[in-house]
*Asks:* 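This is the structure I have questions about; it appears just below.
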Amino acid sequence: MYTTETNKIIVDADDLDVKATLECGQLFRFEKTDLGYIVKSGEHECSVVTDGGKVVIDTSSVDFFVNFFNLDRDIGRMKRELARFSELAPALECCGALRILHQPLFETIISFIISANNNIPRIKSIIGRICSAFGDVFPTPAQLAAMDIRQLNAIGCGYRSPYISATAKICAETDILNRLYAAHTQDAQKLLISFPGVGQKIADCVTLFALGRFEVFPIDTWMFKTQRIGLENEAQVRTRLMEKYGEYSGYAQQLLYYYNAILRRG
């Protein structure tokens, strides 16, 4: 449950595990503070502090962050549905109220192109430098498309620079973002994979974290190694797990990743 006040959202801590939600790999624009976290998305910013049994989100963009943290989504129902899978029991117990965020589409596409073959500190620094060029705001497709390859290289995008530039131009010059929101999941993924530098894993991440399609199961290197059975390839692992976990596959994936790859590995 949550309530809103002027410039503030107050959430029951049982409904939002801030650490699990922010540090499970779905978001790159956040920083730890002495008291909690600063979170940025698009042109919006908030501070998040857990105080006893409450999470307090201070922001001038209340409606944006209610949607961003997906606070109207019943995660209790998802956890009850997934509780029948014994292998998820430790993660369900330890991850608390981990939430799948609802992030801006264009920002998510570019962020996950940057994430390919990269580590989180470097991903965050590259995205931070892009935002700094636009007043600490994530640029629009047209703004990013106006940056040339040399500027993107100087920011540190490396071999991803042409992918970022071409994708920004496609988004600026066509209606593909609107088409993505309206498309069925499989059609949306085909559109996403048409972007330079976007493969199945990035398409799954964007579909889950921006379009809210919980039926997808992103397969990264760690997930492939730990979930593979026999000689399965990545596509076969993905298909099997999506069939197993059904409409909440994406939530199962985030629980498994955060619990095993982050909590247990320190």
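All values reported here derive from a predicted model rather than from experimental measurement.
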*Asks:* Pick out which of Thr4, Ile57, Thr6 makes a side chain to side chain contact (heavy atoms under 4.5 Å, CB included) with Val62.
*Replies:*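 So, applying the side chain to side chain contact (heavy atoms under 4.5 Å, CB included) to Val62 and each of Thr4, Ile57, Thr6, only Thr4 qualifies.
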
*Asks:* Do any N or O atoms from the side chain of Thr239 and from the backbone of Gln236 form a donor-acceptor pair under 3.5 angstrom?
*Replies:*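 Not at all, since once roles are kept as given, no pair shorter than 3.5 Å links the two residues.
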
*Asks:* For residues 177-188, please give each side-chain donor-acceptor pair under 3.5 Å, one per line with the distance, not counting sequence neighbours.
*Replies:*
from, atom 1, to, atom 2, distance (Å)
Thr185, OG1, Arg213, NH1, 3.3
Thr185, OG1, Glu215, OE2, 2.5

*Asks:* Taking the side chain as everything from C-beta on, heavy atoms only, tell me whether Thr3 gets closer than 4.5 Å to Lys8.
*Replies:*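 In short, these two side chains do not touch, never coming nearer than 4.5 Å.
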
*Asks:* Tell me whether Phe209 is reachable from Val39 by hopping between hydrophobic residues (I, L, V, M, F, W, Y) whose side-chain heavy atoms are closer than 4.5 Å.
*Replies:*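 Cluster IDs for Val39 and Phe209 differ.
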
*Asks:* If I compare all heavy atoms of Ala116 with all of Tyr159, which pair ends up nearest, and what's the gap?
*Replies:*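 That closest heavy-atom pairing would be O-OH, 3.4 Å.
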
*Asks:* With distance as the sole criterion, is a donor-acceptor pair present between the side chains of His102 and Asn67 under 3.5 Å?
*Replies:*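 Present: a donor and an acceptor within the cut-off.
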
*Asks:* Give a yes or no on whether Val66 and Val49 share a hydrophobic cluster (residues Ile, Leu, Val, Met, Phe, Trp, Tyr; joining criterion: side-chain heavy atoms under 4.5 Å apart).
*Replies:*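 In one cluster: no.
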
*Asks:* On the six-membered ring of Phe30, is Lys124 placed so that its NZ or CZ lies under 6.0 angstrom from the centre and within 45° of the ring axis?
*Replies:*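 Yes.
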
*Asks:* For the residue pair Asn233 and Phe224, what are the closest heavy atoms and their distance?
*Replies:*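 So the minimum-distance heavy-atom pair works out to C-CE1, 3.6 Å.
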
*Asks:* Nearest 0.5 Å, please: how far is CD1 in Ile110 from OG in Ser115?
*Replies:*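 Here the interatomic distance stands at 11.0 Å.
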
*Asks:* Within the distance-only criterion (no hydrogens, no angle test), does the side chain of Ser61 pair as donor or acceptor with the backbone N or O of Phe64 below 3.5 angstrom?
*Replies:*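 The answer is no, because no donor-acceptor pair under 3.5 Å joins these two groups.
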
*Asks:* Verify the distance criterion only: is there a donor paired with an acceptor across the side chains of Ser161 and Asn153 at less than 3.5 Å?
*Replies:*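 Short answer, yes.
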
*Asks:* Is the shortest side-chain N to carboxylate O distance from Arg228 to Glu232 below 4.0 Å?
*Replies:*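 Here Arg228 does not pair with Glu232 in a salt bridge, since their nearest N and O are not under 4.0 Å apart.
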
*Asks:* Of all the heavy-atom pairs spanning Ala252 and Phe217, show the shortest one and how long it is.
*Replies:*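 Looking at all heavy atoms of both residues, the shortest contact is C-CE1, 4.4 Å.
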
*Asks:* Give a yes-or-no answer on whether the side chains of Tyr248 and Gln253 include a donor-acceptor pair shorter than 3.5 Å.
*Replies:*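 There is no such pair between these side chains.
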
*Asks:* So which heavy atom on Ile176 is nearest to which on Ser194, and how close?
*Replies:*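 Scanning both residues, the minimum pair turns out to be CD1-OG, 4.3 Å.
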
*Asks:* Would you say the side-chain atoms of Thr59 pair up with the backbone N or O of Glu45, donor to acceptor, closer than 3.5 Å?
*Replies:*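 At least one qualifying donor-acceptor pair exists.
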
*Asks:* Any chance the rings of Phe28 and Phe112 have centres within less than 6.0 Å?
*Replies:*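 Yes, close enough.
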
*Asks:* If you apply the rule side-chain contact (heavy atoms from CB on, under 4.5 Å), what do you find for Cys46 with Phe68, and how did you get there?
*Replies:* CA-CA 11 Å; Cys46 70; Phe68 179 84; over 6 Å; no

*Asks:* Just do the side-chain contact (heavy atoms from CB on, under 4.5 Å) check on Tyr257 and Asp220 with the steps written out, would you?
*Replies:* CA-CA 10 Å; Tyr257 182 80; Asp220 61 6; 3.5 Å; yes

*Asks:* Is it the case that atom CG in Asp51 sees more than 12 heavy atoms from other parts of the structure closer than 6.0 Å?
*Replies:*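 Count not over threshold, so no.
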
*Asks:* Does any non-hydrogen side-chain atom of Phe106 lie less than 4.5 Å from one of Leu144?
*Replies:*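 Leu144 reaches Phe106 side chain to side chain.
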
*Asks:* Quick one: side chains of residues 163-170, donor-acceptor pairs under 3.5 Å with protein atoms, not counting sequence neighbours, listed by atom name and distance.
*Replies:*
from, atom 1, to, atom 2, distance (Å)
Thr167, OG1, Tyr163, O, 2.8

*Asks:* Is there a side-chain contact between Val48 and Val56 in this structure, where contact means two heavy atoms from C-beta onward sitting under 4.5 Å apart?
*Replies:*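 No - every pair of side-chain heavy atoms lies 4.5 Å or more apart.
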
*Asks:* Is there a donor-acceptor contact under 3.5 Å from the side chain of Asp74 to the main chain of Gly76?
*Replies:*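 Yes: the side chain of Asp74 pairs with the backbone of Gly76.
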
*Asks:* Stepwise, does the side-chain contact (heavy atoms from CB on, under 4.5 Å) test hold for Arg29 with Phe138?
*Replies:* CA-CA 10 Å; Arg29 290 184 67 198; Phe138 199 89; 3.6 Å; yes

*Asks:* Using side-chain contact (heavy atoms from CB on, under 4.5 Å), reason through Trp222 and Asn260 one step at a time and then give a plain yes or no.
*Replies:* CA-CA 10 Å; Trp222 183 89; Asn260 290 296; 3.2 Å; yes

*Asks:* Would you compute the distance between atom CD1 of Ile127 and atom CD1 of Ile155 and round it to the nearest 0.5 angstrom?
*Replies:*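 So the gap between those two atoms works out to 11.5 Å.
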
*Asks:* Working to the nearest 0.5 Å, report the span between CD of Gln200 and CD1 of Ile202.
*Replies:*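 Reported value, rounded in 0.5 Å steps: 10.5 Å.
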
*Asks:* Is the side chain of Gln26 donor-acceptor paired with the backbone N or O of Leu101 at a distance under 3.5 Å, no angle test?
*Replies:*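 Looks like yes, one N/O pair under 3.5 Å.
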
*Asks:* Keeping the roles fixed (side chain from Ser41, backbone from His44), state whether a donor-acceptor pair exists under 3.5 Å.
*Replies:*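 Absent.
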
*Asks:* Could you tell me the separation between the CG atom of Leu255 and the SG atom of Cys95, rounded to the nearest 0.5 Å?
*Replies:*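 Leu255 CG to Cys95 SG: 5.0 Å, rounded to 0.5 Å.
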
*Asks:* Can you confirm whether more than 12 heavy atoms, excluding those of Glu31, are under 6.0 Å from its CD atom?
*Replies:*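 It does not: Glu31 CD has 12 such atoms or fewer within range.
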
*Asks:* Between Lys40 (side chain only) and Asp136 (backbone N and O only), is there a donor and an acceptor less than 3.5 Å apart?
*Replies:*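 Not at all, since once roles are kept as given, no pair shorter than 3.5 Å links the two residues.
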
*Asks:* Has Glu23 got more than 12 heavy atoms of other residues, nucleotides or ligands less than 6.0 Å from its CD?
*Replies:*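 Atom CD in Glu23 is crowded, with more than 12 foreign heavy atoms closer than 6.0 Å.
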
*Asks:* Under the 3.5 angstrom rule, does the side chain of Ser111 hit a backbone N or O of Thr108 as a donor-acceptor pair?
*Replies:*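 Absent.
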
*Asks:* Would a 4.5 Å heavy-atom cut-off, applied to side chains only, mark Thr50 and Leu35 as touching?
*Replies:*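 The answer is no, as the side chains (C-beta and beyond) never meet within the 4.5 Å cut-off.
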
*Asks:* Identify the heavy atoms of Thr21 and Ala97 that sit nearest to each other, and give their distance.
*Replies:*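 Shortest heavy-atom contact: OG1-O, 3.7 Å.
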
*Asks:* Within 45 degrees of the axis of the six-membered ring of Tyr251 and under 6.0 Å from its centre: does Arg73 put its NZ or CZ there?
*Replies:*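 No.
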
*Asks:* Please check if Leu27 and Ile126 belong to a single hydrophobic cluster, counting links between Ile, Leu, Val, Met, Phe, Trp and Tyr side chain heavy atoms closer than 4.5 Å.
*Replies:*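 No; tracing contacts between hydrophobic side chains, which count when under 4.5 Å, never links both residues.
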
*Asks:* Taking only residues at least two apart or on different chains, which pairs with a member in residues 82-101 satisfy salt bridge (charged side-chain N to carboxylate O under 4.0 Å, His left out)?
*Replies:*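 Qualifying pairs, neighbours excluded: Glu87-Lys244.
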
*Asks:* Tell me the closest heavy-atom pair linking Asp17 and Ala20, and the distance in Å.
*Replies:*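 Distance-wise, the nearest heavy atoms are OD1-N, 3.0 Å.
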
*Asks:* Any donor and acceptor pair, going by atom type alone, linking the side chain of Glu107 with main-chain N or O of Pro104 inside 3.5 Å?
*Replies:*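 Side chain of Glu107 to backbone of Pro104: no pair is present.
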
